[in-house]
A.B. asks: 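The following block contains the structure, expressed as structure tokens.
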Amino acid sequence: MIRALAAIILALAALTARAQLETPDEPTVFLDFGFAGELTAGGWCPVSATVQAVDDPLSGYIELTYVAGGETIAHVAPFAVAARDNASIPMTIYLPWWTESITVAAYDERQGRVAEIKYLSRPGPNDARLPATSRATGVVLSVTPRLPAGVAIDKAQPAEAKPLDLLALNITPDRLHPSRLAYDNVSLLIIDPANLGAADPRAVESVIRWTASGGRLLLITDRPGAEWQRILNATPITADIVLGPAIPTGNGGLTRPVLPGPLAQASGWSVVHADTARNPAAIGPFGLGTLAILSTDPSADVPPSPINDIPPTLTNPPLHDPTAPIRHPDPNWYDPYNPRRHDS
């Protein structure tokens, strides 16, 4: 009995020692870059700064700086974190192609600077490595396993066509960024309203605003109801688009046709039959952007994989000038994570 008790005490002591080794003795800060760790330049790029506190709670601000064209650019965001806890602070930064270093520091309102880390293209022993910058002309970002980004790119062009210079990235809903500017380099965003439960509601709203300001959104659905219309904020036009009753496809499956009503059709919406009507879709304008609603088999126990075709017009790389003003239908709208006025 005594030996068993001693063994337990030694095991607990070892675990305690290991925990002490793994827990930092001072606050730390680090960055997550882009979507799925991919860094894109020549436009706005999403980053997330994480602050780890130790014995005392921290509150203050994050300062992210980099040098571009001989000028130092700074982005600042507030944070608060409890003792022995961490907090992630989403930010967006306008990243030039020639960026070679990024510094992020955490400042506590009482203690001043409490943590700092430098990301360099050529790091020293105490620095972190800056991720390589992707040279793709755009990003296809999928937030659903039903249609991975790589499959979307492959299925959207003829086999003999020149490969599109697009970066295929797949993320989970909780990785959607709450800033509209974070999607600046995204050519096509693919979402499934049924699996957005873990997404930040601000991120879902930003996706809709991004689409309305010129983005391209592919929305996958296999059931009628108001969920997919709800995230679109149910405009009169989108409310005029419905899913019809399930019908056989001829290959043992079912599908629900996407049916734009008279108002939607008059606004430019049309039906696209993909893969011999198994995955019918409707495409039309959404503000200044483009929205496609893709119907899938509602009878499958698991999501059909892969979806065999998508409207090809959605994956063309965007023609945009990163230095041009950002447009939005509402001239008074601004991004809370980058509070600058947007031109109408």
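All figures in this text were calculated on a predicted structure; none of them were measured in a lab.
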A.B. asks: Are Leu259 and Ile220 connected, step by step, through hydrophobic side chains (Ile, Leu, Val, Met, Phe, Trp, Tyr) whose heavy atoms are closer than 4.5 Å?
C.D. replies: no
A.B. asks: Could you tell me which non-hydrogen atom of Arg180 sits nearest to which non-hydrogen atom of Ser213, and how far apart they are?
C.D. replies: NH1-OG, 3.2 Å
A.B. asks: For side-chain hydrogen bond (donor to acceptor under 3.5 Å, both in side chains), just list the numbers for Thr65 and Thr72, CA-CA rounded to whole Å, side-chain angles, deciding distance to a tenth of an Å, and then say yes or no.
C.D. replies: CA-CA 7 Å; Thr65 59; Thr72 300; over 6 Å; no
A.B. asks: Quick check on side chain to side chain contact (heavy atoms under 4.5 Å, CB included): which of Leu232, Ile231, Val204 does Pro193 satisfy it with?
C.D. replies: Ile231
A.B. asks: When you compare the side chain of Phe30 with that of Asp32, does any pair of heavy atoms fall below 4.5 Å?
C.D. replies: yes
A.B. asks: Would you find a donor on one side and an acceptor on the other, under 3.5 Å apart, between the side chain of Ser142 and the backbone of Leu147?
C.D. replies: yes
A.B. asks: Considering all heavy atoms of both residues, which atom of Asp240 and which atom of Pro262 are nearest to each other, and what is their separation?
C.D. replies: OD2-N, 3.2 Å
A.B. asks: Before we go on, tell me: are the rings of Tyr66 and Tyr94 under 6.0 Å apart, centre to centre?
C.D. replies: no
A.B. asks: Between the main-chain N or O of Val114 and the side-chain N or O of Glu26, is there a donor-acceptor pair closer than 3.5 Å?
C.D. replies: no
A.B. asks: Between Pro260 and Trp269, which heavy-atom pair has the shortest distance, and what is it?
C.D. replies: CB-CB, 4.1 Å
A.B. asks: Are the side chains of Leu176 and Ile171 in touch, meaning some heavy atoms are under 4.5 Å apart?
C.D. replies: yes
A.B. asks: May I ask whether Ile283 and Val242 are part of the same hydrophobic cluster, defined by side-chain heavy atoms of I, L, V, M, F, W, Y residues being less than 4.5 angstrom apart, directly or through others?
C.D. replies: no
A.B. asks: Quick one: side chain to side chain donor-acceptor pair (under 3.5 Å) partners of Ser59, sequence neighbours excluded?
C.D. replies: Glu109
A.B. asks: Any sub-3.5 Å donor-acceptor pair from Asn195's side-chain atoms to Val143's backbone N or O?
C.D. replies: yes
A.B. asks: Could you check whether any side-chain heavy atom of Ile191 comes within less than 4.5 Å of a side-chain heavy atom of Leu218, counting everything from C-beta outward?
C.D. replies: no
A.B. asks: Parallel, tilted or perpendicular: which describes the rings of Tyr107 and Tyr61, with under 30° parallel and over 60° perpendicular?
C.D. replies: parallel
A.B. asks: Given 3.5 Å as the limit, does a donor-acceptor pair link the side chain of Ser267 with the main chain of Leu263, or not?
C.D. replies: yes
A.B. asks: Please list all pairs passing the side chain to side chain donor-acceptor pair (under 3.5 Å) test where one or both residues lie in residues 114-134, with sequence neighbours left out.
C.D. replies: Arg113-Glu116
A.B. asks: With rounding to the nearest 0.5 angstrom, report the CD1 to CG distance, Ile208 to Leu291.
C.D. replies: 7.5 Å
